[in-house]
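Structure, as structure tokens:
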2 protein chains.
Amino acid sequence: MEKDFRSGCPISSALDVIGDKWSLLIIRDMLIKHKKTFKEISDSDERIAPSILSARLKLLESYKLISKTKIPENKKENIYLLTEKGIRLTPIIIEFSLWGDTNMREFNEIDDIEGLNSDKSFVIQSVQDSYNSMLLNFR
Amino acid sequence: MEKDFRSGCPISSALDVIGDKWSLLIIRDMLIKHKKTFKEISDSDERIAPSILSARLKLLESYKLISKTKIPENKKENIYLLTEKGIRLTPIIIEFSLWGDTNMREFNEIDDIEGLNSDKSFVIQSVQDSYNSMLLNFR
DNA sequence: ACTTTTACTTTCAAATTGAAAGCAAAAATA
DNA sequence: TATTTTTGCTTTCAATTTGAAAGTAAAAGT
């Protein structure tokens, strides 16, 4: 097996799993937009290639950030859901959102996100609560 | 000029600048370990190649996350310092640190970081205050 | 029966990464 | 003053990764 981690630093170790061009965007769509299938995740503004999405979903599953299941009603579609580890990425996603919103407007036209300027811990709690409610329908 | 940004999403836009394998580790060393020169930043556990470090410093400078200066006492060494935009990455760095600490121990031996489990906003404030004090010696 | 959809895999060219070596100017040492 | 070392890179080039496009097999829809 190849060496997966560059060092014992927690920041570096986190980046070794989710510090690539696509993982956090996949997590964003699952966490905030409640996307659950390959097709849904493929349909983003950023146009991820299916080969990359396939590889990333496998890797995220191997590190237990997401789980892959099927529902009995549909034998074809896979359902991808965030695990606890995955849901715990909410603060990182929100901090990226806030930082991009404040610091990138000078270089790119940034979409306005409603409710982003409410109290930070309230935003984080809301996102997590909303995802957890959705999860109740899937077991 | 090539298109720099994949979409108008603030998360995606932030990732287009710092969402690579190395940028946040460079920021970590500057912000937390107060590293300021090419040499100091090169000497990390993760062993970044000089070609990569050079390219990343240029890019971070172009997006105004860091500044490059010299001090009159030394004509050779460049001094890299975080700008306001760069210092504002502190919450992201701390969240990565917390997430890695909690969620990666199962897959990698993670260094213990002292003081990480104090109040989150206190940790963030301390890191920023400490960096800003150091900055006072450089202008 | 057929057409479409889904969740991929395969292919292959282009872009990126990264190890190693090279280099010129400045600083340190003899 | 001459030589050696250090610094901050750049260059080179092979290996890896990315990503667009096409292909595929099974399930679902018509």
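Below, read A as the first sequence line, B as the second, and so on, with proteins coming before strands; counting in each chain starts at 1.
A donor-acceptor pair under 3.5 Å is absent between the side-chain atoms of A:Ser130 and the main chain of A:Ser126, judged by distance alone. Of the possible donor and acceptor atoms, none in the side chain of B:Ser118 sits under 3.5 Å from a partner among the backbone N and O of B:Val123.
Across the protein-nucleic acid pair, B:Ile66 atom CD1 and D:dG8 atom C1' stand 14 Å apart, rounded to whole Å. Whole-Å rounding puts the B:Leu57 CG to D:dG8 P distance at 11 Å.
Applying the side chain to side chain donor-acceptor pair (under 3.5 Å) rule to A:Lys85 yields the partners B:Glu106; only residues at least two apart in sequence or on another chain are considered. When the side chain to side chain contact (heavy atoms under 4.5 Å, CB included) test is applied to A:Lys33, the partners found at least two apart in sequence or on another chain are A:Arg28, A:Asp29, A:Lys35. For B:Glu114, the side chain to side chain contact (heavy atoms under 4.5 Å, CB included) criterion is met by no residue, not counting sequence neighbours. Scanning for side chain to side chain contact (heavy atoms under 4.5 Å, CB included) contacts around B:Lys39 gives B:Thr37, B:Asp43, with sequence neighbours left out.
Rounding to the nearest 0.5 angstrom, the gap separating the CD1 atom in B:Ile124 from the CD1 atom in B:Ile87 is 14.0 Å.
Residue A:Lys70 is classed as having no contact, given no heavy-atom separation below 4.0 Å to the nucleic acid.
Residues from residues 23-44 of chain B placing a heavy atom under 4.0 Å of any atom in DNA chain D, listed by number, are B:Thr37, B:Phe38, B:Lys39.
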> Can B:Asp16 and B:Ser13 be said to form a side chain to side chain donor-acceptor pair (under 3.5 Å), step by step?
Replying inline: CA-CA 5 Å; B:Asp16 286 335; B:Ser13 301; 5.1 Å; no

> Quick one: what's the B/S/- string for nucleotides 17-30 of chain D, heavy-atom cutoff under 4.0 Å, read 5' to 3'?
Replying inline: -SBB----BBSS--

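Dashed line: the shortest gap from a side-chain N or O of B:Asn78 to OP1 or OP2 of D:dC9 is under 4.0 Å.
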